[in-house]
Asks: 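Below are the structure tokens for one structure; questions will follow.
Throughout, residue positions are numbered sequentially from 1 according to the sequence presented.
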Amino acid sequence: MDAIQIYGGNCLKGEVKIQGSKNAVLPVLAAALLINGTCEIENCPIISDVHHMLRLLESLCCVITKKNHTLKINTQNLSCCDMPSDSVGVMRSSIMLLGALLARVGSVSMQYPGGCVIGERPIDLHLQALRKMGVVIEERDDGFLAQTNGLVGAIHKLPRVSVGATENIILAAVLAKGDTIIENAAKEPEICALCDFLSMAGAEIEGAGTDRILIHGVEKLHEVSYKVPADRIVAGTYLCACLCCGGEIFLNEAPYEQMEAVIDAASHMGADIEKSTDGIKVACLERRKALPELCTEIYPGFPTDLQSAFLTALTLAEGKSVIKEEIFENRFRIVPELRKMGAIISCDGHTAVVEGQKKLNGAILDANELRGGAALVLAGSAADGKTIVYNRHFIERGYEDICSDLRKLGVRCEVVD
Ligand code: EPZ
């Protein structure tokens with residue numbers, strides 16, 4: 001049935017280990033293409049987006065071996081052939097391969113990466129930047145052919161902050177001739193993870209995590225072994241499970257220092273949050289309070305990827321909350337589903353107003369994208385009675401096993417095939 005069934009209402013108690021970060025590992029897998037040899041990637045999350053990325057790498061004649069959460073990627077026989085459109089189409093991160101492949105083989109033909117329901121997801125900033133670095137791009141109806149006789153460094157003043165465009169420019173710049181500067185660069189921890197990986201391989205990068213990044217092109221990179229950091233969005237999702245259901249949980253390996261805005265919002269809702277050496281303790285023993293205003297922003301502001309989870313928690317908070325989605329144009333898709341459960345939410349473009357209720361009722365729900373789907377599972381965990389969330393495959397793009405993780409925290413949920 002491609003679904004998840006939940007019997008909600010339990011107060012949470014338990015501990016869960018946070019998986020490796022999806023949004024850190026995907027650009028790192030693309031970066032492995034820049035190294036003519038074998039790289040080892042540890043703590044790699046076993047999720048369908050990684051599966052699609054590995055299929056793309058194998059279609060480029062990379063040899064990949066997997067052992068639990070550790071991958072070995074050998075790119076010595078890399079040759080650019082056609083990438084399977086079913087993988088390129090379903091996963092936006094395939095665009096991450098563009099910069100790396102151009103640096104390595106000089107020519108890439110691919111279809112436009114998948115958009116999704118949260119927004120149109122254009123790639124104009126990616127293509128604009130690569131054209132400045134010596135790439136000729138011939139756009140066609142369904143895709144494009146990008147070619148270069150050698151990438152050259154350039155100065156990029158990004159008109160808007162873009163995680164993916166920042167990552168793609170870095171991937172194109174590390175082996176380019178000369179220096180590259182990115183102004184108005186994204187500052188997400190995933191940018192730092194990518195730059196850590198590349199620096200370990202011999203790249204020369206300054207300013208990762210700031211809005212100005214300088215890359216000195218080098219001749220070649222060498223093999224590395226790298227451990228993927230914990231996923232701050234998965235950690236925030238389970239922190240929200242506690243906001244929704246109440247109780248006391250421990251998030252093992254949760255990256256506290258990357259979650260300041262999330263922890264601040266949860267604390268204002270009444271959660272007690274404690275940092276410890278190996279994770280985060282969360283306690284929600286009173287009914288949560290509403291948030292007068294919650295705005296999604298670029299990092300280190302409140303992450304858009306946790307907007308749906310907090311929206312869900314706020315449907316049960318005491319009072320009225322206002323949520324503003326400033327990053328994507330269509331990220332309130334779970335509102336009709338939450339209304340089926342009794343939530344009172346009004347939406348107007350980028351703003352949602354929530355009137356907190358004492359309870360939600362179990363219902364039959366449809367997930368239609370990754371983070372919204374996870375939020376619906378949280379809603380079912382807090383609701384009275386039974387909830388079924390269909391289209392589990394969206395959730396499996398970014399969560400290794402959300403049911404098993406939530407069961408460790410005391411939620412009665414199971415996969416229904
Ligand atoms: C990354 O997407 C993440 N994905 C997203 O997480 C995350 O929501 C997003 O950054 C913002 O933090 C990965 O890292 C794989 P952007 P990305 O380029 O790079 C516009 C999840 O759930 N834009 O920073 O695609 C764009 O439309 C996913 O894990 C352009 O206009 O995001 C958006 O409105 C969802 N032109 C804004 O910029 C471009 O060329 C931010 O997008 C590129 C982007």
Asks: Going by heavy atoms in the side chains, are Phe302 and Cys295 under 4.5 Å from each other?
Replies: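 Side chain of Phe302 against side chain of Cys295, heavy atoms only: no contact under 4.5 Å found.
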
Asks: Once rounded to the nearest 0.5 Å, what's the spacing between atom CD1 of Ile118 and atom CG of Asp305?
Replies: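 The distance works out to 7.0 Å.
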
Asks: Using modelled atom types only, decide if a donor and an acceptor are shared between the side chain of Ser321 and the backbone of Val354 within a distance under 3.5 Å.
Replies: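 No; zero donor-acceptor contacts below 3.5 Å.
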
Asks: Tell me every residue that passes side-chain contact (heavy atoms from CB on, under 4.5 Å) with Pro122, counting only those two or more places apart in sequence or in another chain.
Replies: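 Scan of Pro122 (side-chain contact (heavy atoms from CB on, under 4.5 Å), adjacent residues dropped) gives Glu120, Asp124.
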
Asks: So, Asn74 side chain and Gln76 main chain: donor-acceptor pair closer than 3.5 Å or not?
Replies: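 Yes, the answer is positive, given that a donor and an acceptor are paired below the 3.5 Å cut-off.
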
Asks: Is a donor on one side and an acceptor on the other found under 3.5 Å between the side chain of Asn43 and the backbone of Val228?
Replies: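 A pair under 3.5 Å: yes.
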
Asks: Mind checking side-chain hydrogen bond (donor to acceptor under 3.5 Å, both in side chains) for Asp405 and listing every partner two or more places apart, or none if nothing turns up?
Replies: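 Only Tyr238 meet the side-chain hydrogen bond (donor to acceptor under 3.5 Å, both in side chains) criterion with Asp405.
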
Asks: Between Thr210 and Gly207, is there a donor-acceptor pair closer than 3.5 Å when you use the side chain of the first and the backbone of the second?
Replies: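 Present.
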
Asks: Can you name the residues that form a side-chain hydrogen bond (donor to acceptor under 3.5 Å, both in side chains) with Gln258, not counting sequence neighbours?
Replies: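 Partners of Gln258 under the side-chain hydrogen bond (donor to acceptor under 3.5 Å, both in side chains) test: none.
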
Asks: Carefully, step by step, assess Asp348 and Lys324 under the rule salt bridge (Lys or Arg N to Asp or Glu O under 4.0 Å).
Replies: CA-CA 10 Å; Asp348 174 16; Lys324 294 188 174 177; over 6 Å; no

Asks: Only pairs under 3.5 Å count here: list side-chain donor-acceptor contacts from residues 20-30, not counting sequence neighbours, and write none if there are none.
Replies:
{"from": "Ser21", "atom 1": "OG", "to": "Asn23", "atom 2": "N", "distance (Å)": "3.4"}
{"from": "Ser21", "atom 1": "OG", "to": "Ala24", "atom 2": "N", "distance (Å)": "3.0"}

Asks: Should Asp417 and Arg392 count as an ion pair when the cut-off is N to O under 4.0 Å?
Replies: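 Here Asp417 pairs with Arg392 in a salt bridge, since their nearest N and O are under 4.0 Å apart.
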
Asks: Using the six-membered ring wherever Trp is involved, compare the ring planes of Phe197 and Tyr226 and label them parallel, tilted or perpendicular (cut-offs 30° and 60°).
Replies: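 Perpendicular.
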
Asks: Sub-3.5 Å donor-acceptor pair from the side chain of Glu326 to the main-chain atoms of His350, do we have one?
Replies: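 No.
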
Asks: Using modelled atom types only, decide if a donor and an acceptor are shared between the side chain of Asn391 and the backbone of Phe394 within a distance under 3.5 Å.
Replies: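 A pair under 3.5 Å: no.
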
Asks: Roughly how far, to the nearest 0.5 Å, is CD1 of Ile205 from SG of Cys195?
Replies: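 Here the rounded value is 4.0 Å.
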
Asks: I'd like to know if the side chain of Arg407 and the backbone of Cys413 have a donor-acceptor N/O pair within less than 3.5 Å.
Replies: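 Yes.
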
Asks: Do the side chains of Cys245 and Asn10 get nearer than 4.5 Å, heavy atoms only?
Replies: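 No - every pair of side-chain heavy atoms lies 4.5 Å or more apart.
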
Asks: For Ala352 versus Ile345, what's the shortest heavy-atom pair and its separation?
Replies: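 Heavy-atom minimum between the residues: CB-CG2, 4.2 Å.
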
Asks: My understanding is that only residues two or more places apart in sequence, or in another chain, count here; which of them pass salt bridge (charged side-chain N to carboxylate O under 4.0 Å, His left out) with Glu253?
Replies: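 Salt bridge (charged side-chain N to carboxylate O under 4.0 Å, His left out) check on Glu253 returns Lys17.
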
Asks: Is it true that Tyr112 and Glu139 share a donor-acceptor pair across their side chains at a distance under 3.5 Å?
Replies: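 There is such a pair between these side chains.
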
Asks: Can I get a per-line list of side-chain donor-acceptor pairs under 3.5 Å for residues 63-70, giving both atom names and the distance, sequence neighbours left out?
Replies:
{"from": "His69", "atom 1": "NE2", "to": "Glu400", "atom 2": "OE1", "distance (Å)": "3.4"}
{"from": "His69", "atom 1": "NE2", "to": "Glu400", "atom 2": "OE2", "distance (Å)": "2.8"}

Asks: Which heavy atom of Ala266 sits nearest to which heavy atom of Leu239, and what is that distance?
Replies: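 Between these two residues, the closest heavy atoms are CB-CD2, 3.6 Å.
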
Asks: Using side-chain contact (heavy atoms from CB on, under 4.5 Å) as the criterion, point out the one residue from Val416, Leu406, Ile388, Ile395 that pairs with Ile4.
Replies: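 It is Ile395, the one option of Val416, Leu406, Ile388, Ile395 that forms the side-chain contact (heavy atoms from CB on, under 4.5 Å) with Ile4.
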
Asks: Side chains of Glu248 and Cys242, heavy atoms from C-beta outward: is any pair under 4.5 Å?
Replies: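 No. Closest side-chain heavy atoms not under 4.5 Å.
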
Asks: Considering only heavy atoms from C-beta outward, does the side chain of Leu243 approach that of Leu314 to under 4.5 Å?
Replies: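 In short, these two side chains do not touch, never coming nearer than 4.5 Å.
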
Asks: We want to know whether Glu206 and His216 form a side-chain donor-acceptor pair, criterion being a heavy-atom distance below 3.5 angstrom.
Replies: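 Yes, a side-chain donor-acceptor pair sits under 3.5 Å.
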
Asks: Test of understanding: with salt bridge (charged side-chain N to carboxylate O under 4.0 Å, His left out), list the residues that count as partners of Lys289, not counting sequence neighbours.
Replies: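 Partners of Lys289 by the salt bridge (charged side-chain N to carboxylate O under 4.0 Å, His left out) criterion come out as none, since no residue qualifies.
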
Asks: About how many Å separate CG of Asn77 and CG of Asn36, when rounded to the nearest 0.5 Å?
Replies: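 The CG atom of Asn36 sits 9.0 Å away from the CG atom of Asn77.
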
Asks: Please answer whether the main-chain N or O of Ser225 pairs with a side-chain N or O of Glu223 as donor and acceptor at a distance below 3.5 Å.
Replies: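 No; zero donor-acceptor contacts below 3.5 Å.
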
Asks: When rounded to the nearest 0.5 angstrom, what is the spacing between CG in Leu294 and CD1 in Ile323?
Replies: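 Nearest 0.5 Å value for the CG-CD1 distance: 6.0 Å.
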
Asks: Could you report the tightest heavy-atom contact between Phe310 and Cys240, atom names first, then the distance?
Replies: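 Closest approach of Phe310 to Cys240, heavy atoms only: CD1-SG, 3.3 Å.
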
Asks: For Glu58, is there an ion pair with Arg55 - N to carboxylate O distance below 4.0 angstrom?
Replies: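 Not counted as a salt bridge, because no side-chain N and carboxylate O are separated by less than 4.0 Å.
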
Asks: Within the side chain of Asn184, is there an N or O that forms a donor-acceptor pair under 3.5 Å with the backbone of Leu158?
Replies: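 Confirmed, Asn184 side chain pairs with Leu158 backbone.
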
Asks: Supply the atom-to-atom distance Ile73 CD1 to Leu33 CG, rounded to the nearest 0.5 angstrom.
Replies: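 One gets 8.0 Å once the value is rounded to the nearest 0.5 Å.
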
Asks: Just by modelled atom types, is the Thr312 backbone N or O under 3.5 Å from a matching donor or acceptor in the Thr315 side chain?
Replies: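 Confirmed, Thr315 side chain pairs with Thr312 backbone.
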
Asks: Side chains of Arg131 and Thr148: do they bring a donor and an acceptor to under 3.5 Å?
Replies: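 No, no side-chain donor-acceptor contact under 3.5 Å.
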
Asks: To check you understand the geometry: which heavy-atom pair defines the closest contact between Leu316 and Ala382, and what is its length?
Replies: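 So the two residues come closest at CD1-CB, 3.6 Å.
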
Asks: For Thr75, check side-chain hydrogen bond (donor to acceptor under 3.5 Å, both in side chains) against everything at least two apart and list the hits.
Replies: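 Thr75: side-chain hydrogen bond (donor to acceptor under 3.5 Å, both in side chains) contacts with Arg104.
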
Asks: Restricting to side-chain contact (heavy atoms from CB on, under 4.5 Å), what partner residues turn up for Asn149, sequence neighbours left out?
Replies: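 Asn149 satisfies side-chain contact (heavy atoms from CB on, under 4.5 Å) with no residue once adjacent residues are dropped.
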
Asks: From Ile213 CD1 over to Ile182 CD1, what is the distance, rounded to the nearest 0.5 angstrom?
Replies: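 Spacing of CD1 (Ile213) from CD1 (Ile182) equals 5.0 Å.
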
Asks: Hey, can you pull the donor-acceptor pairs under 3.5 Å for the side chains in residues 367-381, sequence neighbours left out?
Replies:
{"from": "Glu369", "atom 1": "OE1", "to": "Arg371", "atom 2": "N", "distance (Å)": "3.2"}
{"from": "Glu369", "atom 1": "OE1", "to": "Gly372", "atom 2": "N", "distance (Å)": "3.1"}
{"from": "Glu369", "atom 1": "OE2", "to": "Gly372", "atom 2": "N", "distance (Å)": "3.1"}
{"from": "Arg371", "atom 1": "NH1", "to": "Tyr399", "atom 2": "OH", "distance (Å)": "3.1"}
{"from": "Ser381", "atom 1": "OG", "to": "Val377", "atom 2": "O", "distance (Å)": "2.7"}

Asks: State, with a plain yes or no, whether a side-chain heavy atom of Asp231 is found less than 4.5 Å away from one of Thr237.
Replies: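 No - every pair of side-chain heavy atoms lies 4.5 Å or more apart.
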
Asks: Compare every heavy atom of Ser346 with every heavy atom of Arg339, then report the nearest pair and how far apart it is.
Replies: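 The answer is NH2-CA, 3.8 Å.
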
Asks: Do any pairs count as a side chain to side chain donor-acceptor pair (under 3.5 Å) and have a residue in residues 151-178, sequence neighbours left out, and if so which ones?
Replies: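 Pairs touching residues 151-178 that pass the test: His126-Asn168.
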
Asks: Do you see a donor-acceptor pair shorter than 3.5 Å between the side chains of Arg331 and Ser308?
Replies: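 Short answer, no.
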
Asks: Look at atom CD1 of Ile155 and say whether more than 12 heavy atoms of other residues, nucleotides or ligands are closer to it than 6.0 Å.
Replies: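 No, CD1 of Ile155 has 12 or fewer neighbouring heavy atoms, counting only those of other groups under 6.0 Å.
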
Asks: For the residue pair Gly202 and Leu221, what are the closest heavy atoms and their distance?
Replies: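 Shortest heavy-atom separation between Gly202 and Leu221 comes out as C-CD2, 3.7 Å.
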
Asks: Would you please name every residue forming a side-chain hydrogen bond (donor to acceptor under 3.5 Å, both in side chains) with Gln5, sequence neighbours left out?
Replies: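 Scan of Gln5 (side-chain hydrogen bond (donor to acceptor under 3.5 Å, both in side chains), adjacent residues dropped) gives Glu414.
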
